[in-house]
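Let me begin by presenting the structure, written as structure tokens, before commenting on it.
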Amino acid sequence: MTSICGMQSLKFENTPYLKGWASVAGKKEGEGPLGNLIDQIIEDPYFGQESWELAEGRFMKQAAMLAISKADLHKKDIRYAFAGDLLEQNTATFSGMKELGIPLFGLFGACSTVGEAMSLAAMSVAGGFAKHSLAIASSHIGSAEKQFRFPLEYGNQRPLSATWTVTGSGGFIVSKEIGPVKIQGITTGKIVDYGMEDPMNMGACMAPAAAEVIYQHFVDFGSKPEDYDAVYTGDLGEVGKKILLHLLRENGYDLSKVHGDCGIEIYENETQDTHSGGSGCACSAVVLASMIIPKLIDGTWKKVLFVPTGALMSKTSFNEGENVAGIAHAIFLEGVR
């Protein structure tokens, strides 16, 4: 049974579990602080393919297969896949998932996509519609820059507020069967638009949405920051982190002691020249699989609020001067010990 909790949340009584998870990432990510925790590092950014987009699809396929294998399952055991990327019409998702033969829901939540995917996968399992579902998301520096900014060959300069799109994918098997981490509940975010127009400052675009969904989660669950060992946003970076903490402090919540950001964790910003940090659908997905879940399993953390964040834009919208709104989704995770 699942109960509606407050304005935007669900609390799962029939708790879904994370049974398998995997992270696959590129060379730059492998050289970062989490490199030795990522399941597979792919040195070739093309992953043997002829384009960035096809390479990204292969990253997703590899993460899916690893997650399924680590859950001791087979493709035929997965009832639904909830998957997405940053590209037009989910190009990477469709190229990566087409050979797996799993019923697919293609999603778009920008860099928050893995949160959307996990939420829907958890709902499918908790509602009794699936025994095992796959949640997965991917991104690639080459395909993202080509679509949203400038092709890599152009060699444009990036402002200090910019982030570096993570090349890789993170996949998660959400299951009815008991696993080492359970999904206690979710809080679905709203689109929040503070009038930002700069696609090179996505942290500022996304921070208000992250603040909104975290605030609403606390209200809906009757909780507070100190109830969690960590609250991890997806890819606000150094700029967005400051804005988030300020906005929540104005609303009565001091997140400073428990807040972390996946975009800050995945790179060493100064030595790797990533400016404000990492971004992309793979950013939060890879950090969740490689760092957050292991800490829940070994008992370092007991409860984590995982909040992937996304900047909602297309190459058409920002070139026409439209605002870059944000969205974020919160997943309440608890280790089983």
Side-chain angles (χ1 to χ4, degrees), residues 22-32 35 38-69 75 78 81-111 113-114 117 134-156 158 162-171 199 235 266-267 272-274 278-286 289-290 310 313-319:
S23 55
V24 180
K27 182 175 184 293
K28 192 177 186 73
E29 292 70 29
E31 294 168 346
I38 296 170
D39 288 303
Q40 186 174 2
I41 301 298
I42 307 300
E43 297 284 332
D44 174 15
Y46 279 99
F47 208 157
Q49 305 300 301
E50 295 183 355
S51 70
W52 301 127
E53 293 79 8
L54 292 176
E56 183 179 337
R58 192 169 180 194
F59 274 96
M60 178 179 281
K61 178 183 176 182
Q62 187 69 4
M65 294 302 295
L66 281 174
I68 292 169
S69 176
K75 292 182 291 184
I78 309 303
F82 299 89
D85 58 75
L86 294 176
L87 306 181
E88 293 173 315
Q89 299 184 331
N90 278 345
T91 304
T93 296
F94 297 147
S95 69
M97 297 296 293
K98 66 182 179 181
E99 297 177 9
L100 298 185
I102 300 171
L104 173 69
F105 291 94
L107 309 177
F108 181 80
C111 301
T113 296
V114 74
L134 168 67
I136 191 166
S138 69
S139 56
H140 194 295
I141 181 67
S143 58
E145 290 296 308
K146 183 168 72 175
Q147 176 167 302
F148 292 110
R149 299 179 187 93
F150 301 96
L152 297 181
E153 295 84 354
Y154 183 80
N156 66 299
R158 300 162 57 248
T163 51
W164 189 277
T165 304
V166 171
T167 295
S169 180
D235 53 351
I266 198 161
Y267 297 123
Q272 292 190 280
D273 192 30
T274 50
S279 61
C281 297
C283 182
S284 55
V286 168
S290 64
M313 62 180 184
S314 72
K315 65 181 182 182
T316 302
S317 66
F318 80 78
N319 279 324

Is a side-chain donor or acceptor of Lys28 paired with a backbone partner of Thr167 at a separation under 3.5 angstrom? no
Gap separating the CD atom of Gln89 from the CZ atom of Phe108, nearest 0.5 angstrom: 12.5 Å
For the atom pair CG (Leu104) and CG (Leu134), what is the distance rounded to the nearest 0.5 Å? 9.0 Å
About how many Å separate CE of Met97 and CD1 of Ile102, when rounded to the nearest 0.5 Å? 5.0 Å
Those residues that, when tested against Lys27, pass salt bridge (charged side-chain N to carboxylate O under 4.0 Å, His left out) (two or more places apart): Glu31
Here the pair of heavy atoms bringing Gln272 nearest to Gly32 is OE1-CA, 3.4 Å
Rounded to the nearest 0.5 Å, how far does CD1 of Ile41 lie from CD of Glu29? 7.5 Å
Give, for atom CG of Leu100 and atom CD1 of Ile68, the distance between the pair rounded to the nearest 0.5 Å. 6.0 Å
Between the side chain of Asp44 and the main-chain N/O of Gly48, is any donor-acceptor distance below 3.5 Å? yes
For His140 and Glu53, run side chain to side chain contact (heavy atoms under 4.5 Å, CB included): C-alpha distance rounded to whole Å, both residues' side-chain angles, the deciding distance at 0.1 Å, then the answer. CA-CA 8 Å; His140 194 295; Glu53 293 79 8; over 6 Å; no
For the backbone of Val166 and the side chain of Ser139, can you confirm whether one donor and one acceptor N or O come within less than 3.5 Å of each other? yes
For the atom pair CD1 (Ile38) and CD1 (Ile266), what is the distance rounded to the nearest 0.5 Å? 5.5 Å
Could you tell me which non-hydrogen atom of Ile136 sits nearest to which non-hydrogen atom of Ser169, and how far apart they are? CG1-OG, 3.6 Å
Determine yes or no for a side-chain-to-main-chain donor-acceptor pair under 3.5 angstrom, with Asp39 supplying the side chain and Val24 the backbone. no
Checking Glu56 now: which residues fulfil side chain to side chain donor-acceptor pair (under 3.5 Å) with it, not counting sequence neighbours? Ser138, Ser143
What residues form a side chain to side chain donor-acceptor pair (under 3.5 Å) with Thr93, not counting sequence neighbours? Asp85
If the condition is side chain to side chain contact (heavy atoms under 4.5 Å, CB included), which residues does Ser95 pass it with, not counting sequence neighbours? Leu54
Please check this pair: side chain of Ser290 against backbone of Val286, looking for a donor-acceptor N/O pair closer than 3.5 Å. yes
Partner set under side chain to side chain contact (heavy atoms under 4.5 Å, CB included) for Ala67, not counting sequence neighbours: Ala22, Ile173
Please identify each residue that fulfils side chain to side chain contact (heavy atoms under 4.5 Å, CB included) with Glu99, with sequence neighbours left out. Lys61
With sequence neighbours left out, write down each residue that passes ring-ring contact (aromatic ring centres under 6.0 Å, His included) with Phe47, or none if nothing qualifies. Phe59
For Thr113, all residues meeting side chain to side chain contact (heavy atoms under 4.5 Å, CB included), sequence neighbours excluded: Leu107, Ala137, Cys281
Heavy-atom pair with the smallest gap, counting every atom of Ala63 and Gly171: CB-N, 4.2 Å
Is the backbone N or O of Asp235 less than 3.5 Å from a side-chain atom of Ser279, with the two atoms forming a donor-acceptor pair by type? no
Shortest non-hydrogen pair, Ala285 vs Val114, comes out as CB-CG2, 3.9 Å
